[in-house]
Amino acid sequence: MRTILLVGLGGFIGSIFRYIVSRFIVAHSSGCFPWGTFIVNLSGCFLIGLLYGFTGRFEWFSTELRMLLIVGLCGGFTTFSTFSNESLILLRSGNSILFLLYILGSVMIGLLCTYIGLVLTSAK
């Protein structure tokens, strides 16, 4: 039960942080490209890579702390459902190029961000 509550707490914090960061980015960008979700998801990919690297490297990261940070915080911060919806909005509005850039950029750069975060924290 304790782990479930910690995941919920992490998700609560991550979701609020996602909302704040995304709103800030949207307020400071223009055009129809979904910059808020794009930046949030890429930074979340980098963060999860960092956290996986740190939690695997240091013994003092308990399973509960890992669940709080990785499953809860990162899971609440990033958003696949919004990414999917915004992708379809771009496609339905006739922005095929932006649609492809958004999908390919999100997946490819997201994987790269996760890998970089993991490499940065896993080096011994």
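Since the model is a prediction, treat every value here as computed from it, not as a measurement. Residue numbers count from 1 along this sequence.
A donor-acceptor contact shorter than 3.5 Å is absent between the side chain of Ser122 and the backbone of Val119. No donor-acceptor pair under 3.5 Å is formed between the side chain of Ser106 and the backbone N or O of Ile103.
At a threshold of 4.5 Å between non-hydrogen side-chain atoms, the residues Leu68 and Val7 do not count as touching. Leu6 is not listed as a side-chain neighbour of Met67, based on a closest heavy-atom distance of 4.5 Å or more. Contact annotation: the side chain of Cys32 approaches that of Asn95 to within less than 4.5 Å [non-hydrogen atoms, C-beta and beyond]. Within the 4.5 Å cutoff, the side chain of Ser15 has no heavy atoms near those of the Phe77 side chain.
To the nearest 0.5 angstrom, Leu98 atom CG is 6.5 Å from Phe33 atom CZ. Expressed to the nearest 0.5 Å, how far CG of Leu111 lies from CG of Leu42 amounts to 10.0 Å. To the nearest 0.5 angstrom, Leu118 atom CG is 12.5 Å from Cys113 atom SG. We find the CD1-CG distance between Ile109 and Asn41 to be 12.0 Å, quoted to the nearest 0.5 Å. With rounding to the nearest 0.5 Å, the separation of CZ in Phe38 from CD in Glu86 is 11.5 Å. Atom OG1 in Thr55 sits 8.5 Å away from atom CG in Leu69 (nearest 0.5 Å).
When all heavy atoms of Thr78 and Arg18 are compared, the closest pair comes out as O-NH1, 3.2 Å. In this structure, Ile13 and Leu73 approach most closely via the heavy-atom pair CG2-CD1, 3.8 Å. Smallest separation of non-hydrogen atoms from Gly49 and Thr121: O-OG1, 3.7 Å. The two atoms that bring Phe46 and Ile116 nearest to each other are CE1-CG2, 3.9 Å, heavy atoms only. Scanning all heavy atoms of the two residues, the minimum distance from Trp60 to Leu65 falls at CZ3-CD2, 4.4 Å. A pairwise comparison of heavy atoms in Gly110 and Cys45 identifies O-CB, 3.3 Å as the closest pair.
A continuous path of ILVMFWY side-chain contacts below 4.5 Å connects Leu90 to Phe80, so both sit in one hydrophobic cluster. Ile39 and Ile48 fall into different hydrophobic clusters, where Ile, Leu, Val, Met, Phe, Trp and Tyr side chains are chained together by heavy-atom contacts under 4.5 Å. Using a 4.5 Å cut-off between side-chain heavy atoms of Ile, Leu, Val, Met, Phe, Trp and Tyr, with links allowed through other members, Leu5 and Leu9 fall into different hydrophobic clusters. Tyr19 is not connected to Phe17 by any chain of hydrophobic side-chain contacts under 4.5 Å among Ile, Leu, Val, Met, Phe, Trp and Tyr, and they are in different clusters. Val21 and Tyr102 end up in the same hydrophobic cluster when Ile, Leu, Val, Met, Phe, Trp and Tyr side chains are linked at under 4.5 Å.
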Mind running side chain to side chain contact (heavy atoms under 4.5 Å, CB included) on Thr79 and Thr37 for me, showing each step along the way? CA-CA 7 Å; Thr79 173; Thr37 303; 3.9 Å; yes
Quick one: do Asn85 and Ile89 satisfy side chain to side chain contact (heavy atoms under 4.5 Å, CB included)? Show the steps, please. CA-CA 6 Å; Asn85 187 52; Ile89 289 170; 3.7 Å; yes
Under the side chain to side chain contact (heavy atoms under 4.5 Å, CB included) criterion, do Val26 and Trp35 qualify, and how do the steps go? CA-CA 7 Å; Val26 168; Trp35 286 109; over 6 Å; no
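Remark: Leu104 CG is packed, more than 12 non-hydrogen atoms of other residues, nucleotides or ligands lying under 6.0 Å away.
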